[in-house]
Amino acid sequence: MAKKLPLEGIRIADFTWVWAGPYCTLQLAHLGAEVIRIETRTRPCVTRMLPPWPDGKFSGPDCSGYFNQYNQGKKSITLNFKHPEAHEVARRLIKASDVVINNFAAGVMERMGFGYPEVRKLKPDIVMVSLTGYGDTGPYRDYVAYGPAQVPLSGLSSLTGYKGWPPMHAGFSYADPNAGAHGAMAVMMALYHRARTGEGQYVEMSQWECAIDVLAEGTLEYSMNGREPERNGNRDPYMAPHGNFKCLDWPDKIADQVVDRWISIVCADDAEWGRLARAIGRPELAADPRFKTLAARKNNEDELEAIITSWTSTRDPASAVEHLQKAGVAAGVVADARYLSQDPNLTARDYFVYKQHPEVGVKQHCGIPWRMSATPCEVRSPAPTIGQHTDEVLMGTLGYSRAELDELKKKHALD
Amino acid sequence: MAGALSDLKIVELGELVSAPYASKLMADMGAEVIKIERPGTGDRSRQRGPFPGGEPHPEKSGLFLYLNTNKLGVTLDVATPEGFGLLERLVADADIFIHNLNPPEMDRVGLTYERLAKVNPRLIMTSITPWGLSGPYRDWRAEDLTVWTAGGVCVLNGAGPEHPELPPLKTFGHQSGYQGGVHGAVATMGALMARLRDGEGQHVEVSEQETIASMLEMTFEYWPYMKMVATRLGAKPIQPVETMEASDGYIYICCIEDHQWDRLVEVMGNPEWAKEEIFADRFKRAASWDALKVFLGDYVRQRTVLGLYKAAQAKRIPLAPVSTMGDLLNSEHLKARGFFVEITQPVAGTHKYPGAPLKYEKTPWQIRRPAPTLGQHNEEIFGARLGLDKARLGELSKKGVI
Ligand SMILES: CC(C)(COP(=O)(O)OP(=O)(O)OC[C@H]1O[C@@H](n2cnc3c(N)ncnc32)[C@H](O)[C@@H]1OP(=O)(O)O)[C@@H](O)C(=O)NCCC(=O)NCCS
């Protein structure tokens, strides 16, 4: 008999939206949970409405590459809570679920009638997770948050930037997947506790706090020494060189634009620097007093970087990295999506997912970042179209008859 | 009250961030973690700060102290036959073994799942590595930055099109390591749930490169869907989502939905310029960003960070300050939630550390003990638990095994 996925049999009533919550339930779907997204056509998830779209044109809520990436392997039902009948459907779903999770602003679930006390009445051993921007308590509990704004809020921006420049961003909504991954872990820890004791519980999370947890080196500089760490580009106090170095641009343009290419190079110690010096054809620099020790390289880092750039700037990134790695130097391509889509390592490891989606066809999507030796590890289906599983879940799982379903639809409770 | 994982035993062989963070997340929820460090120098993070007073000291590294709370610490050279034998005895009694040795080091030590499964078939072994345990990069070297770039995220960050000479910019800290760690904890918990059902252990491997590639927001999909490449030099699809300078610091202006922008216009007192057709929706505002940033910038410069933040949030607009470390430690909100926690470790003293990423109603997150000093629990673990006598311990220590 085929082995089951780790969370097969676990059902998640997924009230999440945007990115943080869906990233969390994506991990649970990857592990085999039945994740049922509760959506409404009257207020679709923002990621359904944002690009990228095939051919660059918005053509409905099922076509966004953004949504389709982070909702792989899930189901979608539509319930419009402006109608009382929709609440009854959700109550039945909660009764049949193991986990309820949401990332609305604080208070929304309560207003919809799905606060923890009500939910627990429906299903006494439920695990309920709330993953808001600021948490359920504290003076800012009602504040709203989005991923991009959590990066500066968390403190990450003020730590990130070129020397002497203003704070920069991370370039993406980093706090969202970070909180989502912590959330997935939290769900399973609570499920583990439930398996041992029969007891469910409420789990409260703040995306802001999850983000501060991954920049402890910054807050500790302040709490230990009262100092704000200085922004210092790509450099590192304990390693040099440590940075990104310019290579040859892509030979062709994309949308009439030249696209530049870089590689990262790091030498963790003097021996690695010696190997780098030899690899770039400058063996004499290994013992050069300007570069021989970490302290010397830190003192002459501009010069050091200029020498490395003079080697990288005439080279193709992939072959430069290959050459450095063969010489025993840590290096990597600064991969853009085009490079990543054909990255030899990811491709050889079958990382990417190619599923037939009813609206967009087969598109390359990112997959699961782990492998397991005894249980299967696979994305089971493409992201759902909005409401794709309404009939299936209501009739198959929740026991509605066709007539009842049609009645609900007629009343627009399932919009 | 006991933590959710209080019946679990974990052995960690970890350095720097990824494996130590994964096992910290579980230790803080009640699991017992025995951390194995290299005799002599210990975990590499002991050499990295911040240090109190800026003075490097292996027992005072803020990074090490943060990542290793609630763990028992032993020293053991697993590359020696005697050392590996002791590792086998430790995992014989454990639920989870989590490590971040690189594949070439695994080969050198002879570390495989099969070997450990022989002594404990119920063991879950989690390997967190930069490039994964297969594929052409398997044996490549890596540091945090090289994985961050190769995972496809670094290309997104940096100065805009006005400064193509400036490199793609790394995000502060050890983010590849933290993500390898938290995703490692996710996968490990998955394997644990499977073991509850199937009774079997297994080998879990987590690739940091794949972890980074799995969190690229919508940027990766621009290539397969639209043959476009998102980089630091490109324009944003919607605006405003930018850091701007206020009168006393930086604030992040963020309107994702059009109704949020409409309310920000109200907060600004409905200026005439905001009625221009070129600012009519989020996509138009992105196309007209050069003009918008001048108008908006003039307004923001006249406001204080806190004043504008609170005025916007009162109307449910998701603006946020660009927090400094001081702002975080002094935040009235984080204080009210008791987020930062004081931890005392005898050598380093008492400091405030970031606290719980989650609050459980019944099984609390808890700091039961500070990070271990190097080899602090050698006697307790090798002596009392594994039954090695004083003479044997002395001998192993002389040989550099422990
Ligand atoms: C993302 C966010 C800013 C959006 O704010 P918002 O659009 O004002 O939405 P809220 O979360 O406040 O409220 C959701 C509304 O949708 C309604 N809604 C949700 N599901 C519904 C459904 N199926 N049918 C009908 N209405 C529904 C709710 O009733 C609520 O309406 P109300 O405000 O009238 O009570 C907010 O949800 C938030 O701060 N979340 C936490 C942080 C976060 O996760 N951000 C996103 C990560 S990128």
Side-chain angles (χ1 to χ4, degrees), chain A residues 6 31 52 65-66 138 140 143-144 146 148-149 152-153 155 157-160 167 170-172 177 181-182 184-186 188-189 193 201-202 204-205 210 212-214 216 220-224 234 244 264 266 325 330 332 334-337 340 345 348-349 363-364 366 369-371 373-375, chain B residues 4 50 52 62 66 135 137 140-141 143 145-146 149-150 152 155-157 167-168 170-172 178 182 185-187 189-190 193-194 202-203 205-206 210-211 214-215 217-218 220-226 229 241 252 254 313 318 320 322-325 333 336-337 352 354 357-359 361-362:
Chain A
L31 288 166
Y66 192 176
Y140 302 172
Y143 282 17
V144 286
Y146 276 101
L153 179 70
S157 285
S158 75
L159 299 166
T160 298
F172 73 124
H182 282 85
M185 176 195 77
M188 285 185 283
M189 286 177 174
H193 177 76
Q201 63 182 316
Y202 186 70
E204 188 245 336
M205 303 184 66
C210 288
I212 301 174
D213 276 329
V214 300
L220 280 162
E221 179 66 50
Y222 187 88
S223 64
M224 287 179 158
N234 291 324
N244 292 333
S264 55
V266 175
Q325 286 282 2
V334 180
D336 59 23
L340 201 70
N345 202 47
R349 287 169 55 76
K363 297 280 183 218
Q364 183 179 25
C366 295
W370 59 76
R371 308 288 183 282
S373 63
T375 45
Chain B
Y66 170 69
Y137 304 173
W140 278 17
R141 299 176 68 81
E143 294 292 340
L145 173 66
T146 52
T149 62
V155 74
L156 304 172
N157 199 31
K170 162 187 190 298
T171 300
F172 172 84
Y178 280 110
V182 63
V186 167
M189 284 306 303
M193 295 304 293
Q202 61 175 319
H203 189 190
E205 65 128 327
V206 181
E210 291 173 356
T211 298
S214 74
M215 32 184 254
E217 206 159 9
M218 75 290 262
F220 177 77
E221 297 307 323
Y222 267 98
W223 178 250
Y225 278 66
M226 291 169 75
V229 171
V241 278
Y252 194 76
C254 178
Q313 285 287 356
V322 177
S323 309
T324 62
M325 299 304 102
H333 182 74
R337 289 174 54 78
K352 279 192 175 140
L358 39 82
K359 287 186 163 59
E361 176 200 12
K362 294 191 174 125

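When each of B:E205, B:M226, B:H203 is scored by its heavy-atom pairs under 4.5 Å with chain A, the top score falls to B:E205. For the set B:M218, B:H333, B:E361, B:K359, the count of heavy-atom pairs under 4.5 angstrom toward chain A peaks at B:H333. Interface check for chain A: of the options B:P167, B:G152, B:A4, B:P52, the most heavy-atom pairs under 4.5 Å are formed by B:P167. For the options A:D336, A:L220, A:N345, heavy-atom pairs under 4.5 Å to chain B are most numerous at A:N345. Interface remark: of the candidates A:V214, A:V266, A:L153, A:V214 forms the most heavy-atom pairs closer than 4.5 Å to chain B. When the candidates A:G155, A:G138, A:A170 are compared by the number of heavy-atom contacts under 4.5 Å with chain B, A:A170 comes out ahead. Of all the listed residues (A:H182, A:E221, A:H193), the one sharing the greatest number of non-hydrogen pairs under 4.5 Å with chain B is A:H182. Each of A:A348, A:A186, A:S157, A:P177 has some count of heavy-atom pairs under 4.5 Å with chain B, and the biggest count is that of A:A186. Contacts with chain B were tallied for A:G332, A:P152, A:G171; A:P152 has the most, counting heavy-atom pairs under 4.5 Å. Contact tally against chain A (heavy-atom pairs below 4.5 Å) for B:L156, B:V229, B:T324, B:T211: the top residue is B:T324. When the candidates B:P224, B:A185, B:A336 are compared by the number of heavy-atom contacts under 4.5 Å with chain A, B:P224 comes out ahead.
For B:Y178 against A:A216, the heavy-atom pair with the smallest separation is OH-CB, 4.1 Å. Between B:P357 and A:C210 the shortest heavy-atom distance is O-SG, 3.5 Å. What you find for B:P318 and A:A149 is that their closest heavy atoms are O-CB, 3.5 Å. Considering all non-hydrogen atoms of both residues, A:T375 and B:A194 come closest at CG2-CB, 3.9 Å. Across all their heavy atoms, B:F220 and A:C366 have their closest contact at CD2-SG, 3.6 Å.
Residue contact with chain B, scored on non-hydrogen atoms closer than 4.5 Å, involves the side chain of A:L31 exclusively. Contacts of A:Q364 with chain B are made by both backbone and side-chain atoms, with heavy-atom separations under 4.5 Å.
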### Task
Check the pair B:Y137 / A:Q325 against side-chain contact (heavy atoms from CB on, under 4.5 Å), numbers first and verdict last.
CA-CA 9 Å; B:Y137 304 173; A:Q325 286 282 2; over 6 Å; no
### Task
Starting from the C-alpha separation in whole Å, work towards a yes-or-no answer on side-chain contact (heavy atoms from CB on, under 4.5 Å) for A:N244 and B:K170.
CA-CA 9 Å; A:N244 292 333; B:K170 162 187 190 298; 5.6 Å; no
### Task
Take B:V186 and A:W370 through the side-chain contact (heavy atoms from CB on, under 4.5 Å) test and state the conclusion after the steps.
CA-CA 10 Å; B:V186 167; A:W370 59 76; 4.0 Å; yes
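Formation of a donor-acceptor pair under 3.5 Å by the A:Q201 side chain with backbone atoms of B:K362 is found in this model. With hydrogens and angles ignored, the 3.5 Å screen pairs a side-chain donor or acceptor of A:T160 with a backbone N or O of B:F172. With hydrogens and angles disregarded, a donor-acceptor distance shorter than 3.5 Å links the side chain of A:S158 to the backbone of B:S323. In this structure, the side chain of B:E221 does not engage the main chain of A:Y66 through any donor-acceptor pair within 3.5 Å.
Put simply, CE on A:M189 and CG on B:L358 are 7.0 Å apart, with the number rounded to the nearest 0.5 Å.
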